[in-house]
Amino acid sequence: MRHRLEFTRFPLGVDMNRLTNPSGPAAPSPNRDFPTMFSWGSRFGPSAGIALSVLFAACADVGSPDAIDAQAFAYGELGNVADCQAFAVLDLLNASGTDADTLKGIGVHSRAASNLVAARNGADGVAGTDDDALFGDLFAVDDVPYVGPSAMDALLAFGLGACEGTVELPQADDTCIEAEVVAWVNAAADAEVLKAEGVHTRAANAVITARNGTDALFGTDDDELFTSLADIDDVPYVGPSAMVALEAVGQARCIGGFAESVFSPRPYHDSHLTRVGELLANASGTVDIAMYSMSDSATRQAVIAAHRRGVSVRILFHGAAEDRKAPAGTKSAEFESAGIEVRWVNKVMHHKFALVDGPRNDFERTGTLISGSGNWSHGAATRFDENTAIVTGDHKLSLAYQQEFERLWAHSRPVVWNEDIVPVVGTEVPDEVVAAAPGTEAYFTSDNMRTYFSSRYGETWSKDEGRVVADKLVELIDGAEHSVRLAHGHMRFRPVVAALLAAKDRGVDVRVYLDGQEYTSHWTWDDQLADYNDCLAAAVDADDVQDCNDEGMHFGTLLAESGVNLRYKYYAYRWDYSYADQMHHKYVIVDEDTVATGSYNLSPNAEWDTMENIAVFRAETYPELVQSYVDNFDAIFDTERANGTYAEFLDEVRTGTGDFPIVFTPMALSWDEVYTLKSAILDACPDVNSAEYRENAGSHRWCNR
């Protein structure tokens, strides 16, 4: 769920000595042995009846930028600021999700906003890391260059509004913070995890020791998992410093990054397209779109509407590769006619992501990433099994996808339609910037390709070495200890299949759900296997062998023969795009705590001939998101199995006398169940294998007995 900041609790990093005694020490006192921080839930309420004084009217015009070292406060004036108001300002500035745009949005001028964020982030320039310099009081804020009367006036006006309930921002309430901290500590591998987030060594060791129980081993029966922050606060050596560090983790997890998932099929008004429309309607600066299909007209109009109100929009569109040959009347021309530049790349542009107000021009920004398996089409919303992850505030993830977009944009080709469009030149995101940012990892097949400029064709991509995405998926599956759940439209890449079989052999519960088009008979599988063996027999060196191994095959039959718990989403005797209710997911879940999802199909073609992505979400950061994928898999893996649909339909085919559908209600069926049903359909309706039925599958959805 979404939260709003509640500013009446003890703020992160606040030095109460400085607030009450400005001439006192500049930092909290050292940790003491066996201290208690405070009774969780206690609050410093707003100082009733204290109104905001106009502190700065005589100092400067509040509408103009402040001088580099302009002072807003004389020490005696601090008493005029209510506690609640000061706490609100400090909480806002210390929250890792607050960037310069957040501050500018409440009226802080640009120079002060940028300097405040830079001062808080410390030397590495990244929020939420060990060198952050959180503000302890308002004097520390006032000391930042270019923070003077104007900037402080805006900050205090915000603080007053927060205390009076007239300001609404993303909120991290105590319930969220407590739940996040408890879950994080209970899942921590060791004390080093806590120390990395600022918990001092004695406290970190004591917390892990208390949690692990008498045998000192994590994950055993005697573990004493924490149920509340009070439990953690009671551990020896856990005092104010440790609790502030722990609360900072909860604060960052509650407001620094927010993720949700939208699964299809569902009604259009409740689909991922509706959420996309909402996000586009709220875009304020930039929108960068990399999309395979944008056939939904309402979503295209939402993109155009964002552009018309001043948002800078760029589009990388797979369809543009064809549209550019005769642009009139195409979707690319629709965008270009509205003034939006559209480009294409000379590979299949299979991404399905967009960045709303991302870090295009400011690497400190995060914005919102939309990514997953779902295209912006009506079918993806209402017919197919799809997933779309929407993530706000994840710094590394936003930078990684911005880097990918900029790389593609820089090596793309324009659709030549509206020549009045002024091209938007992006800013390259350096690898070191992405590497240094906290957040979620992402992987792209563009790393398997090289670029060059062709004098004949222009910017060009071609296959290079590596299999970046497949290698990551194999690594995740190889690391599985308990379970692997895989939902993919295709299963055609040997290294992933080998990893799944190895996981099964070491006792991991492997479950695989594929689209019906992946089913092959024994005869077809044997034919593919013979071709593969012929390829190996003709190989003269290791490169030739690798080429044979990289040929795509339909591996579902092999997995089923090997005892893997495999099912197909089966909905038609013969697959045809015109009626296929596709199982279009592309995700893997490992040990119910890691999800890899994106646009990437499990095929050699995806690795080297198409632009693809996956993001790897961890439950320690996004527990609700990961759980939503676990729940989705468990639901789709049992599609129509509880109500006897398969047995009823099989009986109709075998014993009925009337016509029956050969395009039918989707069911999750094993390889044996599909084989049995296909055989029964063929016995009852021999015409299904006729040339007419094969060549015009879309016109034959029933068998006429």
Side-chain angles (χ1 to χ4, degrees), residues 1-5 96-97 168-173 175-177 179-180 183-184 250-283 287 289 291 299 302 352-358 366-376 380-382 384-398 400-401 439-442 487 584-589 592-599 613-636:
M1 63 180 293
R2 295 177 186 272
H3 303 282
R4 290 192 299 271
L5 276 170
S96 62
E168 293 188 359
L169 282 179
Q171 171 185 335
D173 62 17
T175 301
C176 176
I177 290 174
E180 292 290 350
W184 180 71
Q251 181 90 340
R253 289 168 67 121
C254 288
I255 69 171
F258 171 78
E260 61 180 300
S261 52
V262 183
F263 294 95
S264 302
R266 62 201 309 151
Y268 182 92
H269 71 272
D270 193 34
S271 70
H272 71 289
L273 297 182
T274 300
R275 286 291 292 120
V276 168
E278 293 170 353
L279 291 166
L280 291 171
N282 289 318
V287 172
I289 300 168
M291 194 65 53
T299 308
K352 299 106 171 38
F353 77 79
L355 279 162
V356 178
D357 294 329
T366 55
T368 296
L369 171 71
I370 307 163
S371 185
S373 70
N375 288 296
W376 291 0
T382 63
F384 306 154
D385 285 295
E386 306 274 17
N387 69 92
T388 300
I390 301 170
V391 187
T392 300
D394 192 305
H395 202 182
K396 184 183 291 289
L397 199 64
S398 295
Y401 278 83
T440 300
E441 300 282 352
H584 200 248
H585 285 306
K586 296 117 179 17
Y587 68 74
V588 180
I589 310 169
E592 299 189 9
D593 66 6
T594 301
V595 172
T597 183
S599 66
N613 71 87
I614 61 166
V616 181
F617 296 102
R618 311 283 183 173
E620 64 182 3
T621 305
Y622 297 111
E624 293 179 358
L625 181 75
V626 170
Q627 187 61 46
S628 72
Y629 280 85
V630 174
D631 294 343
N632 175 257
F633 184 91
D634 290 347
I636 61 178

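Because the structure is predicted, anything quoted here is derived from the model rather than measured.
- Residues Ala400 and Ala442 come closest through the heavy atom pair CB-CB, 4.1 Å.
- Interatomic distance, Glu260 CD to Ile390 CD1, rounded to the nearest 0.5 Å: 4.0 Å.
- Not counting sequence neighbours, the partners of Ala354 by the side chain to side chain contact (heavy atoms under 4.5 Å, CB included) test are Ile289, Ile370, Trp376.
- For the atom pair CG (Asp385) and NZ (Lys586), the distance works out to 11.0 Å, reported to the nearest 0.5 Å.
- Listed for the His272 side chain is a donor-acceptor partner under 3.5 Å among the backbone atoms of Asn375.
- When all heavy atoms of Ala380 and Glu386 are compared, the closest pair comes out as O-CG, 3.3 Å.
- Expressed to the nearest 0.5 Å, how far CG of Asn282 lies from OG1 of Thr368 amounts to 9.5 Å.
- Minimum heavy-atom separation, Ala302 to Leu280: CB-CD1, 3.8 Å.
- Separation of atoms CG (Asn632) and OG (Ser264) is listed at 9.5 Å; rounding is to 0.5 Å.
- Shown here are the salt bridge (charged side-chain N to carboxylate O under 4.0 Å, His left out) partners of Arg618, two or more places apart in sequence or in another chain: there are none.
- Remark: Ser371 pairs with Phe353, Leu369, Tyr401, Asn613 by the side chain to side chain contact (heavy atoms under 4.5 Å, CB included) rule, at least two apart or across chains.
- Taking the side chain to side chain contact (heavy atoms under 4.5 Å, CB included) definition, one finds that Ala283 meets it with Val287, Arg309, Val311, Val356, Asp357, sequence neighbours left out.
- Using modelled atom types, one side-chain atom of His584 and one backbone atom of Ser373 make a donor-acceptor pair closer than 3.5 Å.
- A salt bridge (charged side-chain N to carboxylate O under 4.0 Å, His left out) check over residues 625-635, counting only residues at least two apart or in different chains, returns the pairs Arg485-Asp634.
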#### Entry: Check against side chain to side chain contact (heavy atoms under 4.5 Å, CB included), Thr366 and His395
CA-CA 5 Å; Thr366 55; His395 202 182; 3.9 Å; yes
#### Entry: Trace of the side chain to side chain contact (heavy atoms under 4.5 Å, CB included) decision for Val595 with Tyr622
CA-CA 10 Å; Val595 172; Tyr622 297 111; over 6 Å; no
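- With sequence neighbours excluded, the residues that form a ring-ring contact (aromatic ring centres under 6.0 Å, His included) with Tyr587 are His585, Tyr629.
- The line from OG1 of Thr392 to CG of Leu397 is 10.5 Å long, rounded to the nearest 0.5 Å.
- In this structure, Thr382 OG1 and Arg266 CZ are separated by 12.0 Å, a value rounded to the nearest 0.5 Å.
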### Message
Go through it in stages, so that I can follow the logic: the residues are Arg275 and Thr388, the test is side chain to side chain contact (heavy atoms under 4.5 Å, CB included), and I'd like the CA-CA distance, side-chain angles, deciding distance and then a yes or no.
### Response
CA-CA 10 Å; Arg275 286 291 292 120; Thr388 300; over 6 Å; no
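- In terms of heavy-atom proximity, Phe617 sits nearest to Val626 at O-CG2, 3.9 Å.
- Closest of all the heavy-atom pairs between Thr299 and Val276 is CG2-CG1, 3.9 Å.
- For the residue pair Asp270 and Thr274, the shortest heavy atom distance occurs at N-OG1, 4.0 Å.
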